[in-house]
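Structure, as C-alpha cells:
Nothing here was measured: the structure is a model prediction, and the numbers come from that model. The first residue in the sequence is number 1, and the count goes up from there.
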Amino acid sequence: MSLLALSGCGNDVPIADTGHPRIVSLNPCTDAVLAQVASPGQLLAISHYSHDPSATSMDIADAARFGDTSGTVEEIAALAPDVVVASSFMAPTTVQALRDMGMRVVLEPIPSDVAGSLAQVRSLAALAGNRSVGEALVGRIEAALLYAAPAAGTPPVPALLWESGGIVAGDNTLIVDLMRRSGFANAAAARGLGQADFLPLERVLADPPRVIFTVGSPAAEEDRMLRHPALAQVKGMTRAPLDRSLLWCGGPTIPRALARLMQVRRELDIPPTASRARP
C-alpha cells in the first residue's frame, strides 16, 4: 500500500492511499475543492457553512448537491466516512474522538498564497484518489492567473481591501496575493498595517488609495464606514465591492476572484466618457 504524504498541509501523519475513500468535509474551503475533485457519491457531506449564502465559497446550487453536517462527532459517526477533512482549528478532543473510531482526520490550513492553494488542491485530489482531476483544476487556476496578469512593466495600482468594521487584509493572505497577481499593490501594507488591523475612515480620506475593494453588506450597521458619503467626494478613487465569498478560499474560488479583480483593473483604464457610453 502506498503512502501519500500531504506535506505542507498541516498533517503530521501520512494518509494511506486506499483508492477512493468516503469523505466528509467540515470546512467551506475544502468543501469547494472536494466538490470538484471527488468522484460521484464519494463526498458524503460538506459543512453547513457551504449551504449558507453568507458563509459559502461555492455556488449554492452546487452545494445543494451534497448533504451537510454541523460537525458533531455523532453526525459524522452516523455517516461512517473513511476520512474527515477539517480545519486546522478543529478541537483536539474532536480529532481524537474521530480517530478513536477508526477515521482518518486530515487537518487543512487556510492557504495564505496561490502556491499553498495549488498544493492543497493536489493533496485533496490525491486523497480522493483522483489526481488527474486535481491537475485539471490546477490547470484552470493557472490559466486564470495568466489571463489576469497585467502586461509586463505595468505599474501596480495602490488598492485597499477594506472589510466590515474597517479592518484590512494583510500581506500574507491569499486575496492579497491575487491582488498582486492581477496588478494591484496592497495599500494597507504600505501604511504599515497587517492582517485584520483597523483603518479608520479619517486615514483613508487623508491618504486615499486609487481603489478601495469593499467587503461587506449594504445593510449592515458595522459597514456604514465602507459606504460613507465622504468617500464619494474623493476624486480619482474607485470603490469596488468584492463579494465576501471570494475572500478566504483557494481552489475553484481563485478564478472567480481573479475575474473580479481583473474587471476592476481593466475598467480603470477606460476613459470616463467611454465608460458612460457603454450599454
Side-chain angles (χ1 to χ4, degrees), residues 57 110-117 141-142 144-218 220 222-250 253-272 274-276 278:
S57 72
I110 297 174
S112 60
D113 54 25
V114 168
S117 180
I141 294 170
E142 291 177 335
L145 288 164
L146 286 173
Y147 187 60
T154 303
V157 176
L160 178 70
L161 196 149
W162 214 20
E163 301 174 52
S164 297
I167 65 172
V168 299
D171 261 354
N172 297 320
T173 57
L174 176 59
I175 189 62
V176 169
D177 192 14
L178 296 179
M179 287 168 58
R180 289 197 193 97
R181 290 169 181 265
S182 51
F184 295 97
N186 186 13
R191 299 166 189 260
L193 300 174
Q195 172 62 14
D197 280 348
F198 173 68
L199 180 62
L201 174 65
E202 293 78 11
R203 288 185 61 188
V204 174
L205 295 173
D207 183 18
R210 179 66 180 84
V211 175
I212 295 181
F213 290 106
T214 57
V215 184
S217 168
E222 65 179 358
D223 294 339
R224 286 191 305 164
M225 185 164 55
L226 307 185
R227 55 182 188 274
H228 195 282
L231 293 168
Q233 306 303 314
V234 179
K235 293 182 178 180
M237 185 179 74
T238 295
R239 282 183 296 166
L242 192 67
D243 195 280
R244 190 182 300 276
S245 67
L246 304 177
L247 205 58
W248 299 109
C249 298
T253 305
I254 290 178
R256 294 193 295 117
L258 287 170
R260 174 57 179 153
L261 293 170
M262 182 176 61
Q263 176 189 30
V264 175
R265 177 68 181 83
R266 290 185 172 177
E267 287 181 350
L268 295 177
D269 299 326
I270 299 174
S275 178
R276 286 195 295 269
R278 290 182 303 164

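Across Ile167 and Ala196, no two heavy atoms sit closer than the pair CG2-O, 3.7 Å. Heavy-atom minimum distance, Trp248 versus Gln195: CH2-NE2, 3.3 Å. Between Ser182 and Leu261 the shortest heavy-atom distance is OG-CB, 3.4 Å. Taking all atoms of both residues into account, the shortest heavy-atom contact from Ser164 to Leu226 is N-CD1, 4.1 Å. The two residues Val168 and Gly194 come nearest to each other via the heavy atoms CG2-O, 3.7 Å. The two residues Ser112 and Asn172 come nearest to each other via the heavy atoms CB-O, 3.6 Å.
Evaluation of the salt bridge (charged side-chain N to carboxylate O under 4.0 Å, His left out) rule for Arg256 yields no partner, not counting sequence neighbours. Among residues two or more places apart in sequence or in another chain, the salt bridge (charged side-chain N to carboxylate O under 4.0 Å, His left out) test is passed with Arg180 by Asp171.
Two residues are said to be in side-chain contact when any heavy atoms from C-beta on lie closer than 4.5 Å; Leu247 and Thr173 fail this criterion. Two residues are said to be in side-chain contact when any heavy atoms from C-beta on lie closer than 4.5 Å; Val211 and Leu160 fail this criterion.
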One pair to check against side chain to side chain contact (heavy atoms under 4.5 Å, CB included): Trp162 and Leu231. What are the steps and the verdict? CA-CA 13 Å; Trp162 214 20; Leu231 293 168; 3.9 Å; yes
Can you list the steps and then say if Leu193 with Arg203 is a side chain to side chain contact (heavy atoms under 4.5 Å, CB included)? CA-CA 12 Å; Leu193 300 174; Arg203 288 185 61 188; 4.2 Å; yes
Before you tell me yes or no, could you show the steps for Leu174 and Ile110 under side chain to side chain contact (heavy atoms under 4.5 Å, CB included), namely the whole-Å CA-CA distance, both residues' side-chain angles and the distance that decides it to 0.1 Å? CA-CA 9 Å; Leu174 176 59; Ile110 297 174; over 6 Å; no
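Arg191 places a side-chain N or O within 3.5 Å of a backbone atom of Asp207 that can act as its donor or acceptor partner. Panel note: side chain Arg210, backbone Ala159; no donor-acceptor pair is recorded below 3.5 Å. Side-chain atoms of Arg265 do not come within 3.5 Å of backbone N or O of Ala149 as any donor-acceptor pair.
Atom CG of Leu258 sits about 5.0 Å away from atom CG of Leu178, to the nearest 0.5 Å. Here Asn186 contributes atom CG and Ile175 contributes atom CD1; the two are 10.5 Å apart, rounded to the nearest 0.5 Å.
The environment of CG in Asp243 is crowded: more than 12 heavy-atom neighbours from other residues, nucleotides or ligands sit within 6.0 Å.
Under the 6.0 Å distance and 45° angle rule, Arg260 does not count as a cation-pi partner of Phe184.
Here Arg181 pairs with Asp177 in a salt bridge; the nearest charged N to carboxylate O distance falls below 4.0 Å.
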